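If you're wondering where the values come from, they're calculated on a predicted model, not measured in any experiment. Proteins come first, then strands; the chains are lettered A, B, ... in the order of their sequence lines, and each starts at number 1.
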Number of protein chains: 2
Amino acid sequence: MLTGRQLLILQVIIDDFIQSAQPVGSRAISKKDNISFSPATIRNVMADLEDMGFLEKTHSSSGRIPSEKGYRFYVDNLLSPEIISDDVNVFKHVIQDGIFEFEQVVQKSAELLSDLTNYTSIILGPEVFETKLKQLQIITLTPQTAVAILITNTGHVEHRSFSIPNEMSASDLEKMVNILNDRLHGVPILQLPEKLNTEVRSLIRLYVSDFEKSFDYLKAAFFNEHPVKLYVGGKTNMLMQPEFKDIDKVRSFYAMMEKEDEIANMLKATTDGIKVTIGHENKVDAIKDCSLITATYHLGEEQMGTIALLGPTRMEYNKVITLLNALSNEMTEALYMWYKNNE
Amino acid sequence: MLTGRQLLILQVIIDDFIQSAQPVGSRAISKKDNISFSPATIRNVMADLEDMGFLEKTHSSSGRIPSEKGYRFYVDNLLSPEIISDDVNVFKHVIQDGIFEFEQVVQKSAELLSDLTNYTSIILGPEVFETKLKQLQIITLTPQTAVAILITNTGHVEHRSFSIPNEMSASDLEKMVNILNDRLHGVPILQLPEKLNTEVRSLIRLYVSDFEKSFDYLKAAFFNEHPVKLYVGGKTNMLMQPEFKDIDKVRSFYAMMEKEDEIANMLKATTDGIKVTIGHENKVDAIKDCSLITATYHLGEEQMGTIALLGPTRMEYNKVITLLNALSNEMTEALYMWYKNNE
DNA sequence: ATTAGCACTCGTTAAAGGAGAGTGCTAACA
DNA sequence: TGTTAGCACTCTCCTTTAACGAGTGCTAAT
């Protein structure tokens, strides 16, 4: 267990390093306002903290920097819940301005978040659990081509172009759309493929001749793939961090950011609440010297998506956690409003 | 005017430098298969070429590198039209696979182009000149919110959520949509705002009470902004170029890439055909040590969009120009097919 | 006209030295 | 007994110096 003095000094060192990105020396600490010990005393404490694994040296006679264990301790025990900053009010504006659809809210939030923190923000879009089909439309452009449009109750619109098989007549198409709308209205998006294959398939067979091919076209266009919606903001912010001054790190960082599914998987595994993953706690190699902070947002009990910030391990944990907390609350609330209005 | 020998040596130097990114010395040149002069002779020629401004030295006793004037001459006079490579066939596949909508074709092409060249590709989407409104739909989600969907004859779909003013009833909304569809079907997208303000406005006023506000909502949602469609592929490719080994260049490059309108303006000014802009010929500061190669694609006489590749001045001009030429032809052709099928 | 030879230039790399920041340890102090 | 001053030591960073090599320009010979 750490003494009060050890706690104080550990905190000061980490705070200082987060600010300066430079190893912190005993002399510098002793000059701080809230410190009244001599450099020598502080050196003793620092040696202890190093023995315990909370601090490291970059070389034998350098100042100290926090170890990953140090950051872990800092995050778990030393964070002083910050007074909610004015920034949070900005979220309210962005999110509750009702004329946007939810997708845009998410995107804007990602941008905002990275602007406020100067880190990279990643938001995993709302999962489709609770969204339901509102309407399906097919509009023919030419006798051979058409565009299918799918609207959910959350205002999300998805569209695909496809070509109409020769065997299918306009009236067949119309019939099919009518049946689909009739049967699928209000069905949760996630259940669409199943429902489509069971009841609807046989029903359409009765009315539409040679329906198989058209049906497959449509199904392929919409219901097979469920691309993850990932919004990334402020990738360039990382370039400003001093730990990214060497080009190889930049390269591997950008390479990693292009693997969207990997990122998505990483974020999906998140449990509820705020979670901080520091350095090697991350499973992905390219961010083993980064920290990832994730928060979830909800609809009722159901987890809908994840908000995350990615930065160097030397991250402003206090600020970031406060912001993420606030944003996750705002989004949960916004989601709830949607829900109430739509059911 | 340059002698044959000067031409040969200039070409060899530039070819070599484009490959190696290293200053080229006389000895290295004399060893090439198609060169039969001694290093001393070559040195004389190189000195002449330098006097004429085609070559430069990085320091007083270094090998030569091409100057911008040198590249200019190279591009204008020394390019041997390359045999169309197999790569071009890939374009055909991507572009003529009819089930995609045009937007996706453009996007895929951008990716493909940067993959093939290892430079950054930028494509300015097809202008809306010739696209016409096919259908306008408004789907209400709740009594207060609705999503408006606009479909063009090219299969392009645009959608916006908006809230319905309290004063407006469902039947009013329906009336309005009917009028809009009736009056605006087949109208070119670019003329929509004008048409909307003149004939349609007065017409709606007759049928829908208190239409002003709703009308403005809708108009704001769709017709005021015409965001440029810009597709960028392979931004990370630039990181691999040796001229981007220093982080500040990377920073300013990425900063520049975020200013989409600036890029769009730069590309819009393009005249027909292939155009090469080398180094300081570019007006934008951040790419004063890059070359930009642009090509246009057409529908009939009308220029529809621009394809561009951005790389270091030390660029594989031969390859890039061939590819761009091919792609611009493919896209023009694809566009023509669309047109024929849709009118 | 071409080329061999040679002195010269400049960038690159390695080694060497000094300054500065910071440590660990010991001994003195309150 | 906990705290502090003092001091030798270590390591990085920066600068200087020297050697090396790639490449040039010029001159004289072919």
Provide, to the nearest angstrom, the distance between the [atom1] atom belonging to [X] and the [atom2] atom belonging to [N].
X	N	atom1	atom2	answer
B/M46	D/dC26	CE	P	13 Å
A/D51	C/dT23	CG	P	14 Å
B/N44	D/dA28	CG	C1'	14 Å
B/D48	D/dG25	CG	P	10 Å
B/I9	C/dT2	CD1	P	10 Å
B/I29	C/dT2	CD1	P	16 Å
B/L55	D/dG25	CG	P	11 Å
A/F37	D/dT1	CZ	C1'	16 Å

task = Name the closest nucleotide to the A/H59 side chain, picking from D/dT24, C/dT23, D/dC11.
result =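 Among the listed nucleotides, the one closest to the side chain of A/H59 is D/dC11.
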
ask   = Among the nucleotides D/dG25, D/dT3, C/dT2, which one has an atom lying closest to any side-chain atom of A/T41?
value =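 For the A/T41 side chain, the nearest candidate turns out to be D/dT3.
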
message = Just to be sure I understand the rule, does B/S26 reach a base, reach only the sugar-phosphate, or reach nothing, if contact means heavy atoms closer than 4.0 Å?
response =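 Contact class for B/S26: sugar-phosphate only.
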
[N], OP1 or OP2 - any side-chain N/O from [X] closer than 4.0 Å?
X	N	result
A/S60	D/dC11	yes
A/R64	C/dA21	no
B/K57	C/dG11	no
A/S38	D/dT4	yes
A/R27	D/dA5	no

query = Hey, does A/L310 have a side-chain heavy atom less than 4.5 Å from the side chain of A/F253?
reply =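 They are in contact (side-chain heavy atoms under 4.5 Å apart), so the answer is yes.
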
request  = For the residue pair B/L292 and B/L267, establish whether any side-chain heavy-atom pair is separated by less than 4.5 Å.
outcome  = yes

request  = Map A/P23 and A/A40 onto DNA chain C by nearest heavy atom, then report which one ends up closer to the 5' terminus.
outcome  =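 Here A/P23 is the residue nearer the 5' end.
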
note = Assert: residue with more 5' nearest nucleotide on DNA chain C, out of B/S61 and B/P39, is B/P39

query = If you draw a 6.0 Å radius around CD in B/Q19, do more than 12 non-hydrogen atoms from other residues or ligands fall strictly inside?
reply =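 No.
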
ask   = Taking the inter-plane angle between the rings of B/Y254 and A/Y254 on a 0 to 90° scale, is it parallel (under 30°), tilted (30 to 60°) or perpendicular (over 60°)?
value = parallel

ask   = Ignoring hydrogens and angles, are the base of C/dG24 and the side chain of A/R43 linked by a donor-acceptor pair under 3.5 Å?
value = yes

key: Ring center gap for A/Y74 and A/F17 short of 6.0 angstrom   =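 No - the distance between ring centres of A/Y74 and A/F17 does not fall below the 6.0 Å cut-off.
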
